[in-house]
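What follows is one structure encoded as structure tokens, with my remarks underneath.
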Amino acid sequence: MRIDSATTDVPTAGTQVQILNTKARVAWIKFTAPTANTGLTYVGASDVSSALGYPLGAAGGVDATVELDFRPGTISADALWVDAAVNGEDVAWIAILR
């Protein structure tokens with residue numbers, strides 16, 4: 001197992017961004033909207049959009065984090081995507097990969 005983390009930028013609102021282009025297996029992942037964000041960001045599969053997916057609140061508020069635990073199984077890292085309602089927003093994440 002290993003830990004990986006990054007910040008994924010969504011340069012254009014309404015355009016999905018894949019967090020990792022790899023078949024690494026994710027056992028656990030936590031997504032957080034950084035405090036500099038001004039709008040909602042969204043976490044989901046390849047159909048995530050600026051209105052569809054799990055919303056993360058702006059400005060690092062209470063609803064700005066979601067944790068996904070796939071253990072004892074895993075999910076392919078390339079199945080996880082983010083989007084935003086505002087251009088240039090970020091989603092920070094940390095994951096346990098197998």
Side-chain angles (χ1 to χ4, degrees):
M1 281 195 288
R2 66 184 173 96
I3 295 175
D4 196 2
S5 63
T7 298
T8 301
D9 179 59
V10 181
T12 306
T15 304
Q16 306 94 331
V17 178
Q18 195 174 38
I19 67 156
L20 281 172
N21 185 13
T22 177
K23 295 289 185 191
R25 304 303 299 179
V26 177
W28 174 92
I29 191 165
K30 183 175 186 178
F31 293 95
T32 301
T35 56
N37 282 4
T38 59
L40 294 175
T41 50
Y42 298 86
V43 174
S46 61
D47 63 347
V48 72
S49 71
S50 58
L52 174 68
Y54 187 86
L56 300 177
V62 175
D63 58 349
T65 299
V66 65
E67 183 177 325
L68 303 174
D69 190 344
F70 301 103
R71 295 173 291 185
T74 61
I75 187 172
S76 182
D78 64 0
L80 298 168
W81 295 69
V82 294
D83 201 347
V86 176
N87 292 343
E89 301 284 48
D90 295 327
V91 177
W93 55 269
I94 186 167
I96 297 173
L97 305 174
R98 291 193 181 148

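Residue numbers start at 1 and run along the sequence shown.
- Within the structure, salt bridge (charged side-chain N to carboxylate O under 4.0 Å, His left out) pairs that include any residue of residues 64-74 comprise Asp69-Arg71 (at least two apart or interchain).
- Tyr42 and Val66 are members of different hydrophobic clusters when ILVMFWY side chains are connected at heavy-atom separations under 4.5 Å.
- Arg2 meets the side chain to side chain donor-acceptor pair (under 3.5 Å) test with no other residue; sequence neighbours excluded.
- Residues Val86 and Val82 do not share a hydrophobic cluster, clusters being chains of Ile/Leu/Val/Met/Phe/Trp/Tyr side chains in contact below 4.5 Å.
- By the rule that hydrophobic residues join a cluster once side-chain heavy atoms approach within less than 4.5 Å of another member, Trp81 and Leu97 end up as members of separate clusters.
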Show me the donor-acceptor pairs within less than 3.5 Å that the side chains of residues 45-53 make with the rest of the protein, sequence neighbours left out.
{"from": "Ser49", "atom 1": "OG", "to": "Ala51", "atom 2": "N", "distance (Å)": "3.2"}
{"from": "Ser49", "atom 1": "OG", "to": "Leu52", "atom 2": "N", "distance (Å)": "3.1"}

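- Residue Trp28 belongs to a hydrophobic cluster whose other members are Met1, Ile3, Ile94, Ile96, with links defined by side-chain heavy atoms closer than 4.5 Å.
- Every side chain to side chain donor-acceptor pair (under 3.5 Å) that Thr38 has, sequence neighbours left out, goes to Glu89.
- Gly57 and Ala64 make their closest contact through O-CB, 3.5 Å (heavy atoms, listed as atom of the first residue, atom of the second, distance).
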Side-chain donor-acceptor contacts of residues 4-11 below 3.5 Å, not counting sequence neighbours, with atom names and distances?
{"from": "Thr8", "atom 1": "OG1", "to": "Trp93", "atom 2": "NE1", "distance (Å)": "3.0"}

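- Proximity of a side-chain donor or acceptor of Asn37 to a complementary backbone N or O of Asp90 within less than 3.5 Å is detected.
- Listed for the Asp83 side chain is a donor-acceptor partner under 3.5 Å among the backbone atoms of Thr15.
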Side-chain polar contacts of residues 18-27 - donor-acceptor pairs under 3.5 angstrom, sequence neighbours left out - could you list them?
{"from": "Gln18", "atom 1": "NE2", "to": "Asp78", "atom 2": "O", "distance (Å)": "2.8"}
{"from": "Thr22", "atom 1": "OG1", "to": "Ala24", "atom 2": "N", "distance (Å)": "3.2"}
{"from": "Lys23", "atom 1": "NZ", "to": "Asp78", "atom 2": "OD2", "distance (Å)": "2.9"}
{"from": "Arg25", "atom 1": "NE", "to": "Thr74", "atom 2": "OG1", "distance (Å)": "2.9"}
{"from": "Arg25", "atom 1": "NH2", "to": "Thr74", "atom 2": "O", "distance (Å)": "3.3"}
{"from": "Arg25", "atom 1": "NH2", "to": "Thr74", "atom 2": "OG1", "distance (Å)": "3.2"}

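- With rounding to the nearest 0.5 angstrom, the OH atom of Tyr54 is 9.0 Å from the CG atom of Leu68.
- Distance check: Leu56 CG to Thr41 OG1 gives 4.0 Å after rounding to the nearest 0.5 Å.
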